[in-house]
Amino acid sequence: MFRLFEFDDLPPPDIVWFERMWLGTLALSVIITVTMFDWSTGHVGRLGAACLTCIRFGGTFTLMFLCTRLRSNLARWFIAVPFNMVIVAYDLIRLPEMLERDPIIWFVAARLLLTLAATAMLFTPRSRAWFARRPPPEFAEVQ
């Protein structure tokens with residue numbers, strides 16, 4: 001019944017690190033969302049901000065799930081290009097308001113770095129081999 005929540009075979013450490021870092025970005029995103037919720041409600045109203053927040057967090061978790069549990073190459077590339085571009089664009093739109101709230105910019109910077117590091121874990125030689133369902137390259141087995 002819960003087969004979808006289990007791995008087919010054990011993923012390489014890079015995928016495990018991706019998942020941990022991705023969950024870390026979600027935790028930072030919660031802090032950012034809570035502190036910037038008034039900005040969001042000012043632009044799209046309470047209901048709109050709540051719906052967009054649910055969609056954003058649900059989509060982020062779904063992309064992680066598709067990558068780590070279902071080995072979706074499409075989700076991996078979706079994270080790498082359009083998802084990261086949307087995150088950067090969204091942060092740039094809110095940049096003036098975030099700069100006024102001094103500590104929040106540090107959370108945004110940490111989330112951005114963690115997001116990029118997590119994305120890089122999806123494209124290591126071991127990760128690429130795992131997504132392709134091939135054995136890992138010889139040099140990747142040394143840990």
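This chain uses plain numbering: 1 for the first residue, then up along the sequence. The figures here come from the full heavy-atom set of this structure, side chains too, leaving out hydrogens, waters and symmetry mates.
- Side chains of Leu28 and Val108 form no contact here, defined as non-hydrogen atoms less than 4.5 Å apart.
- Using cut-offs of 30° and 60° on the angle between ring planes, the pair Trp39 and His43 is tilted.
- For the pair Thr53/Phe37, a side-chain contact is recorded, criterion being any heavy-atom separation below 4.5 Å from C-beta on.
- Closest of all the heavy-atom pairs between Asp14 and Met121 is O-CB, 3.4 Å.
- One hydrophobic cluster, built from ILVMFWY side chains closer than 4.5 Å, holds both Ile93 and Ile87.
- Rounding to the nearest 0.5 Å gives a distance of 11.5 Å between CD1 of Ile55 and OG1 of Thr60.
- Between the side chain of Arg71 and the main chain of Phe131, no donor-acceptor pair closer than 3.5 Å is present.
- Between Leu66 atom CG and Phe61 atom CZ the span is 10.0 Å, to the nearest 0.5 Å.
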Item to complete: Begin with the C-alpha distance, continue with both residues' side-chain angles, and end with the deciding distance and a verdict on ring-ring contact (aromatic ring centres under 6.0 Å, His included) for Phe83 and Trp22.
Response: CA-CA 13 Å; Phe83 182 83; Trp22 200 254; 5.4 Å; yes
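- Cluster membership check: Val81 shares its hydrophobic cluster with Leu63, using side-chain heavy-atom separations under 4.5 Å among Ile, Leu, Val, Met, Phe, Trp and Tyr.
- A chain of hydrophobic side-chain contacts below 4.5 Å, direct or via other Ile, Leu, Val, Met, Phe, Trp or Tyr residues, connects Val30 to Trp106.
- For the atom pair CZ of Arg56 and CG of Leu26, the computed distance is 10.5 Å after rounding to the nearest 0.5 Å.
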Item to complete: Run the numbers on Ile104 and Leu99 for side chain to side chain contact (heavy atoms under 4.5 Å, CB included), then give the verdict.
Response: CA-CA 8 Å; Ile104 197 67; Leu99 288 173; over 6 Å; no
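- When Thr119, Thr68, Leu23, Thr124 are each tested for a side-chain contact (heavy atoms from CB on, under 4.5 Å) with Phe18, only one passes: Thr68.
- Annotation: the span from Arg20 atom CZ to Ile15 atom CD1 amounts to 12.5 Å, rounded to 0.5 Å.
- Expressed to the nearest 0.5 Å, how far CZ of Arg111 lies from CG of Leu116 amounts to 11.0 Å.
- Side-chain contact between Asn84 and Val88 is absent, with no heavy-atom pair separated by less than 4.5 Å.
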Item to complete: Report the C-alpha distance between Thr33 and Phe57 in whole Å, list the side-chain angles of each, state the deciding distance to 0.1 Å, and finish with yes or no for side chain to side chain contact (heavy atoms under 4.5 Å, CB included).
Response: CA-CA 10 Å; Thr33 299; Phe57 280 98; 3.6 Å; yes
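- Side-chain atoms of Ile79 and Cys67, non-hydrogen and from C-beta on, do get closer than 4.5 Å to each other.
- Taken together through direct or relayed side-chain contacts under 4.5 Å among Ile, Leu, Val, Met, Phe, Trp and Tyr, Leu113 and Ile105 form parts of separate hydrophobic clusters.
- With hydrophobic clusters built from ILVMFWY side chains whose heavy atoms lie under 4.5 angstrom apart, Val44 does not share a cluster with Val34.
- Side-chain atoms of Ser127 and Arg76 form no donor-acceptor pair, as typed in the model, at a separation below 3.5 Å.
- Closest non-hydrogen pair, Thr35 versus Ile32, comes out as OG1-O, 3.0 Å.
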